[in-house]
Each structure stands twice: as structure tokens, then as C-alpha cells.
Amino acid sequence: MRFLSVTAVALLAAQAAGVSIKHHLNGFTLLEHPDPAKRDLLQDIVTWDDKSLFINGERIMIFSGEVHPFRLPVPSLHLDVFQKIKALGFNCVSFYIDWALLEGKPGEYRAEGIFALEPFFDAAKEAGIYLIARPGPYINAEVSGGGFPGWLQRVNGTLRSSDKAFLEATDNYVAHVAATVANAQITNGGPVILYQPENEYTGACCGVDFPDADYMQYVMDQARNAGVVVPFISNDASASGHNTPGSGVGAVDIYGHDSYPLGFDCANPSVWPKNKLPDNFRNLHLEQSPSTPYSLLEFQAGAFDPWGGPGFEKCYALVNHEFSRVFYRNDFSFGVSIFNLYMTFGGTNWGNLGHPGGYTSYDYGSPLTETRNVTREKYSDIKLLSNFAKVSPAYLLATPGNLSTGVYTDTSDLAVTPLLGDSSGSFFVVRHTDYSSQESTSYKLRLPTSAGNLTIPQLEGSLSLNGRDSKIHVVDYNVSGTNIIYSTAEVFTWKKFHDSKVLVIYGGPKEHHELAIASSSNVTVIEGSDSEITTKNKGSSVIISWDVSPTRRIVQIGDLRVFLLDRNSAYNYWVPELPTDGTSPGFSTSKTTASSIIVKAGYLVRGAHLDGADLHLTADFNATTPIEVIGAPTSARNLFINGEKASHTVDKNGIWSSEVKYTAPEIKLPSLKDLEWKYLDTLPEIQPSYDDSAWLSADLPTTKNDHRPLDTPKSLYSSDYGFHTGYLIYRGHFVANGKESEFFIRTQGGSAFGSSVWLNETYLGSWTGADFAADNNSTYRLSQLESGKHYVITVVVDNLGLDEDWTVGEEGTKNPRGILNYDLRGQDASAITWKLTGNLGGEDYRDKIRGPLNEGGLYAERQGFHQPQPPSDSWKSGSPLEGLSKPGIGFYTAQFDLDLPKGWDVPLYFNFGNNTKAARAQLYVNGYQYGKFTGNVGPQTSFPVPEGILNYRGTNWVALSLWAQETNGAKLGSFELSYTTPVLTGYGDVESPDQPKYEQREGAY
């Protein structure tokens, strides 16, 4: 048995169980247990060498996608996402956990309902997906505070350091969350195989000791003490080599880093700047951590988009299928074997969970859209690469060489990186020397093969690399005992079936390709035209030459069938694993002998299983689709698609054929403008009769925030008083002396925030917001005030989340929210006494189901009127399309029924007509805040809401707050519910999470 490195804790566990231990220069290794009955212990420990991980004793590449469960608060949809990632060819998902959502109150950890992790783990296991757990405490992730709860602003100590106050603040969270993760480890039969104890612990400033090995060790010890035994892996944001294995205290087991080479310039999606394609990762790896697998824990799969940005479709265009073809194959050239794409499914920043650098959507330009569609070409292109990785175990053993020009090709316009195998296959990654080139370049290859050094093509023509593209050419590639001497076309997959072996290869449009096989057999064209294919027997090999065509060709050489496809056709092929007991696929490995079939089926094949003589496919369709099954088991007689028996034929090549008819259902959506809207003034605070006696007094003479000293007599930082999310409202009381002339105020709510100010009922003005402004200074002229009269200044601040900041010591996460400074000219600042509110209860938030961030401080929110069935019968009739005629904040609620057909996944959107005025709106759907609209900043005007939050067959309550920041008020230009192409789905029913309805709240003010 091979020697395998293990973590210290796993080592102790193994030793205690009687496993033989040996020590050598590179650390500990496990030898086979002398008792065969206990050898299974080895198969439950995740181990590694310098090439890759081993799981269940098998060498495996981890091809992973980033998914955040908290960004899709419908647990019954987790399996949908996992199945789409499994169908993509991935075997793993990496996930963050957001501390701010689980410990909204210090010492009170709540991970229940939509925040429970166990349903996510169960869905991963059912889909056969491994997990990499990344619970923080700090996660960045474009979430409020980078995952830090707002109450950390009151911690007197440097965050992410060895300061005792900070470490103690993390103890409760990590003890709970790490124990939950530990229960889901592979050693306990769960899906978790790796644990990341810190995130992007990369840089520091301001005199902080860095890297702080004791801090890292503390974080790791927290996890180990909670029962985590799987290996620790790091994610270094700048590949700086911190805390690498063997570096002493605080060292992780496996070093990994991230990379976002094209950055986030979504406004210029076609621009690939010079020198952005990494070319030094292999050398960095050999310098930093040569004894561990080369790991990219986050590699760019999209881009975030800020307030005022161009929108996520532009972000997708920036890192589209061309990006994946060039950059991901470049990563393969470095020998990456733990490869995680961030994000693979982005989701939604619902319920105020996002940071102020982004808006409600977190689509990210990911392979899966925010609505979980798989319509982006990047999804299909990645599927080709990941399936190639699954059937190419020799890749993990090959040694990456140096990038060169003019060595392996006949032109310096192309650059080639070899991955050379000793006795196994070799791989040659080809790209343009100028990686951003959009030229078409003709070339010949010069490759070392088992048949000698060959110039390829050998028969005729030349190869071509067209535009932003890259190729992995294989040499001496093993297809179940058949040696592919070389293939210039790329490999999608191969399988060994009962009577033959099938190899599927593909090329791009207008390309010429050549394939050489170690065989003396003649070539038979069993599908397609003979005239389109040239063949020649040469020595002990046979050479096949062809031009890529949308028409499929199949050739037979001995017991090998080769499918010659164009790339667009290859997108329609899927390789579902095939359990034979009717169960879910369970955990997959890289074994090429794993039972599976090849299916051509268009939009999505979720899975397959064999039940006696019945072959079942589970699939989704967005158009009438021909179905082909290649490699159906000999015992199978009947075909079932989504549980329904389907007629099929079998051709001379043994391919099963069927068809699924698609007829789009009639989708009837209500007209939102015609609903019976009810209206409530949700800014009663400016009324003379308003009583704020129940509000908290802003009376702290000093702030507990050590990041920013006070510029005011009393602290007006919202987190000092337990308010960390959503709208903040302040009321400043003073008695006039008649000399007041101006009111100056500096407010802060994060990028794109807004604020408005009233003096009694008189509107003074607003900061309407800008994408570049996290705070604002405003000065308002005052009319003559009456001496001796009591006045109230009301200030509303839109808190768009707390800042994230991964630079240790910079403490940007502690940037306060609320009022930073003010001046009532003609009076001393201390003449004003302030009260404030945010969400009802602050850290003692009332809605335990929807979590600590979902509600803000508006009157309607504090009362719970945004929830289903508010007491609105006595309210005035009023529509957000009529809006407000003056500055203020209105609240609107209505109900509607949906009756969408079962068996269809129908993406639904709430669309706001942007009248370009300074208007802000919040969208609530069945009590869940699912949209923050900012008319003058943008860009988002369309807000998708998933089934589960929306009741597709039942009653729904929609609520809107509309904040007018101009003197003539504001209204929505339009407000509509729309849908995109319905998908006929094999997925099961979607269960709605709890949607607590309105109940009168004790103590609500």
C-alpha cells in the first residue's frame, strides 16, 4: 500500500485503532492495518501526497464549485443546486458559513430552520458531492462585515489577531459551528473532506504582527477541540505563502491560495489586460508547499458588481466561456488537483446580508444563474473540462514542465506547457502566446510519443487555434487498455461498456483534427459519411483525420468506438453515474470504471439509475429534445424519463433513442398594479404627536468602537446600541434659542447609502446617494426658529451593510453606521439629546425564523407589517405606482395568488420601472426582504425570487417601502411580475420554509 500523509489528529486516531505507524523525513505515514477487519479505518481518512488527495484510498482530483447555502434560504432547493453541480462533472462544493446570521446576539448561537447546516449536508450526500467547509470566523464573501456580526464593533481588540477580547468573542460561534461540521465529516459518514480554519489571512497594516502564528493555531485548535479531524487547508489571497505545511505553529496541512486574474472590471468585458494570465503558479507551488497537492481554493468564475455597476450580464461576459477555456486549462498546466471555482452558484443577498459594495443580486456571472438556470455557455464549457478530468487519472501523476514557444509547435505565436508522464499519459496545454489574442493561428505539433517524436498532423492539413481558446492535447492516453497515441481533438469522456469502449472527443468550429490509436485494426465509419474522414494504417497505429462538423461521426477501431463531435454538440452530452439499486449516486470518485452511461439530452440530465430492467433518467427540458442513451446496461429493457415510461428505439450501434416533447405551459401571473394595495405612512416619527419614549437613548459618553473616536458629545454609532442592519432612525430633541441658522450632519451607511432629514414636519433635504460615497456631509439652512420651543430633528439613514476588510489591522469592518458628526449652528451640540432605533429589539431581534438581518428600523418593519396577513383592512388604499407627493416613506402591502403548474421550474421576477428619481424601495415577499432598489444609483431593477419564498400554488403577500428623497415625492414607474422560459423538470416538490404571519409584537413602538 502507498504511504499516505495524514493530519496529526487523524494520525492519533489511527494509532489508537492499531494502525501501524512509520515516521520518515516528510512526516508520518500510515501502513496497512494488520487486522483486515479494521482496514476500513484507512478508507475514512482523507490523505494526500504531493500530487493529490486520496479519498477511500483512491487518488482523486477535487473539482469544486463555491456555493453559499445562506444565499438560497430554501433548504429544499439545496439538492437542486447540488444535482446541477454534479451534472457539471464536479465532485465537490466549497461553502462559507456566515457568523453574522448565526450569532446575532453575543452568546446566542442559532442555526435552525433556513440557517440549519444539516439539510445542506444531507443534500450534498444525496447528490454524491464532497464538501469543503469554510466557516470563518472571517469569510469576506461580500457579506455584511465580512461575516462578522455587528456586535464585534464593540470588541476592544484587533480583529483576526491574538487579542484576547477577539479570541473570546469567537469561542461560542466556532465551538458550535465546528462541532456541526465535525458531525458531517467523512469520518462520520458525511460529505465534509476538508476544513478551512481562516480565510484570506494574507495581509496586514498598521503595525500589527503578521502573520500571527499563535492566532492561526488558536483558530485551528478551536476546530480540533470541537471534533474536526479532516485536513486543514488554507486560502491565501495573494499566494504569499503564509502558514504553509511545515512552517511551525499555525501551519495548515495543505496550502492553497486564490486568484482572480481578470479582476472585476465588468464595464469592459471584452478587455483582457496584458500580463493577467498567471504563468508562475507552478514555481510558486514548488517554493511554498511542494509536499502538498497544488490547490486553488478560489479561482475566478465570475465577478462581483457594485452599486452603480454595469450589471451581472456584463460580469458574465467578462469571464464567459472564452475565459474558462483559456484560464482554466492554464490552471491545469500547473498540475492543479484541488480546484474550486468562485462562484459556481451565487444566489441572492436577501435580508440585508450583503455588504455595501454590492446590491441584492449575487448572480456573480456564475456558471449557474441566480435563478439556478444552466443556460450560460460557460456552464457547458466547464462541463467538458471537468468530465475530462474525471476520466484522466494520469493527469494527476504527470509532471508540469516549463512554458515554451517554438518547442512543441512550429510557431512562436503559440505557447505550450507540457505535463509529462513517466509511464502514463502526457498532456500538452496550448494557448496563444498573447493570451488575449483573437487571431486564428495555424500550427503543427511536435510531440514525444510512444511511437516516436511526431510532427502532427501526420496525414494532411494543419491545426488551428481560433481566438481566445486553449487546447489540452493528449499523448499516450489510456482508454481502458487502448492507447491513444495522440489526439489533437479534446477528450470529453470515455467509458467501458459491456461490449465496447466509447471515447468522445470534440473540436471547435472549422477546426481540423487528427487521432492516432495503437491498433492494427481497420477503421469503420459506423455513422456519418466515409468521404469526410481520412484514415491510414501506419506501423502499429491507425491515424484518423477529419474536419469538425455539426454532423456527428462515429468510427470503430477494434472494440473502441470514437464519437467525433463539434464543441456545441458536445455541450448536449452528459455522463450520469448509474447506481443499480435505485438509490442516489452517493459519493463519487475518479474511478474510470465507475458505472455510468453517456446521455445526449440537451438542457440538463440530473441523474440516472437502474431498477431491474428499467433504466431511469431524471432530466430537465426547455425545448423538445431528442434523447440518446449510449451504453445502456444489457439488463435494461425499458426507458423511464422523470418517472414516466418512454418509448425508445435501438439502432444498429446499440444507441437508445427517444424524444421528450416540450410544450410551454400557460403561465398566468397577476397584474401587480391591479392588486388591492393598502398604504401606511411608515415615517410617523416626523409627526408632532409621535412618542419616542420607548426608544433607546443615545447617551453613551464614549463609544465602544475602538476604530473611530467620537466627534459628538454622545455616541451615535448604531452598533453601540445593538442596531446593525437596515434602516436607522434618529430623533434629536432640543429647545430653540432663536439663533439657529444651519444644521450640519455627517451620516454614514456604506457605499450608495442615502439619508434624509426633517425638522419637526419640515423636510430639510436628503443625500440621495452615489456608488462612490460611503458617508456624506450635508448642511441645511434653517428658517427662524421660535425661542423656547421644543423641536425634533428626525434623521433616516439607509444602512447598506457593514464593510468587509480582510487586511488585518485596518479594522474597516468597524466602520460605524449612523451619525458621525453634527452641528446645530447657534447652539452647542450637547443641546441636542438623541434617541435612535433600528430593527425592533436590536440584537434581541424578534423574527427568529428569518434571522437577525432581515428587518430594519422602519415603523412598519418594527411592527411586523411586512409579514403575511398584516392588519391592513383599516389602512388607506394606495399603490406604490401612485406613490408619494412629498418627501417621506410609504409602506404598501397586497396579496395575490399563484397557481403555477407542478413539474415546472418557472423563474419569477419582480421588476421595478426606474423613473430615475431619487427613490429607494425595499421589497418583501412573504416576510422575506428580497430586494433593495435604489433608483438613482442602480443598476438592479429586476429581482428574482425563488419558489419556496414565493408560494407557487397558494397565497403570497408582497410589501414595499418607498422612500421619496425629492421635494415632489416619488413613485414607481412600473411594478410587474414576470417569468422567463419554464423548464420541464424532473426535480421534486419545493417546500417553502416557515413564513410566520403577522402577530402583534409586544413592546413594538
Original post:
Going through the distances and angles, do Lys814 and Asp805 end up as a salt bridge (charged side-chain N to carboxylate O under 4.0 Å, His left out)?
Top reply: CA-CA 9 Å; Lys814 290 184 178 179; Asp805 186 356; over 6 Å; no
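- For Tyr362, the ring pair (Phe, Tyr, Trp, His ring centres under 6.0 Å) criterion is met by Tyr364, not counting sequence neighbours.
- A 4.5 Å side-chain heavy-atom check between Arg817 and Pro356 finds at least one atom pair inside the cut-off.
- Side-chain N/O atoms of Asn188 and Asn183 include no donor and acceptor closer than 3.5 Å.
- At a cut-off of 3.5 Å, with distance as the only test, a side-chain donor of Asp212 or Ser162 sits close to an acceptor on the other residue.
- When all heavy atoms are compared, the tightest approach of Ser366 to Thr344 is CB-O, 3.5 Å.
- Not counting sequence neighbours, Tyr109 has no partner by the side-chain hydrogen bond (donor to acceptor under 3.5 Å, both in side chains) test.
- Side-chain N/O atoms of Asn340 and Glu298 include no donor and acceptor closer than 3.5 Å.
- For Lys86 and Phe82, the positive end is not near the middle of the six-membered ring at less than 6.0 Å and at most 45° from its axis.
- Aromatic ring centroids of Tyr342 and Phe299 lie 6.0 Å or more apart.
- Here the shortest heavy-atom pairing between Ser238 and Thr202 reads OG-CG2, 2.8 Å.
- With a 4.5 Å cut-off on side-chain heavy atoms, Tyr359 and Leu800 do not count as touching.
- Checked by atom type, the side-chain pair Asn243/Tyr215 shows no donor-acceptor distance below 3.5 Å.
- Side chains of Ser361 and Glu370: a donor-acceptor N/O pair is present below 3.5 angstrom, by distance only.
- With sequence neighbours excluded, the residues that form a side-chain contact (heavy atoms from CB on, under 4.5 Å) with Pro816 are Gln153, Asn705, Arg708, Tyr717, Gln748, Leu820.
- Taking the six-membered ring wherever Trp is involved, the centroid distance between the rings of Tyr328 and Phe332 does not fall below 6.0 Å.
- Inter-residue side-chain proximity for Asp258 and Asp236 is flagged as unmet; no heavy-atom pair is nearer than 4.5 Å.
- Side chains of His724 and Ser719: a donor-acceptor N/O pair is present below 3.5 angstrom, by distance only.
- With a 6.0 Å radius and a threshold of 12 heavy atoms from other residues, nucleotides or ligands, Asp209 has its CG atom at or below the threshold.
- A parallel orientation is assigned to the rings of Tyr173 and Trp99, their planes being inclined by less than 30° (bins at 30° and 60°).
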Original post:
Glu811 and Arg160: salt bridge (charged side-chain N to carboxylate O under 4.0 Å, His left out), yes or no, with the steps?
Top reply: CA-CA 9 Å; Glu811 301 291 85; Arg160 304 176 74 193; over 6 Å; no
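- Defined by atom type and a distance below 3.5 Å, a donor-acceptor pair is present between the side-chain atoms of Asn815 and His707.
- With no hydrogens or angles considered, no side-chain donor-acceptor pair links Tyr138 and Glu804 at under 3.5 Å.
- Here Arg71 pairs with nothing under the salt bridge (Lys or Arg N to Asp or Glu O under 4.0 Å) rule; sequence neighbours left out.
- A 6.0 Å sphere centred on NZ of Lys704 holds no more than 12 heavy atoms belonging to other residues, nucleotides or ligands.
- Applying the side-chain hydrogen bond (donor to acceptor under 3.5 Å, both in side chains) rule to Arg154 yields the partners Glu843; only residues at least two apart in sequence or on another chain are considered.
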Original post:
His242 and Tyr255: ring-ring contact (aromatic ring centres under 6.0 Å, His included), yes or no, with the steps?
Top reply: CA-CA 9 Å; His242 296 313; Tyr255 176 75; 8.8 Å; no
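- The pair Asp253-Arg224 meets the salt-bridge criterion, with a side-chain N (NZ, NE, NH1 or NH2) lying under 4.0 Å from an Asp/Glu carboxylate O.
- Results of the side-chain hydrogen bond (donor to acceptor under 3.5 Å, both in side chains) test with Arg134 over Gln196, Glu198, His68 single out Gln196 as the only residue that passes.
- Tyr294 and Phe339 have their aromatic ring centers separated by at least 6.0 angstrom.
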Original post:
When you look at Thr292 and Thr244, which way does the side-chain contact (heavy atoms from CB on, under 4.5 Å) test go after all the steps?
Top reply: CA-CA 9 Å; Thr292 66; Thr244 54; over 6 Å; no
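- A salt bridge is absent between Asp122 and Lys125: the closest approach of a Lys/Arg side-chain nitrogen to an acidic carboxylate oxygen does not fall below 4.0 angstrom.
- Gln217 is linked by a side-chain hydrogen bond (donor to acceptor under 3.5 Å, both in side chains) to Asp221, counting only residues two or more places apart in sequence or in another chain.
- Side-chain contact check for Asp720 and Thr703: at least one donor-acceptor pair (N or O, by modelled atom type) lies under 3.5 Å.
- Between Phe115 and Phe70, the gap from one ring centroid to the other reaches at least 6.0 Å.
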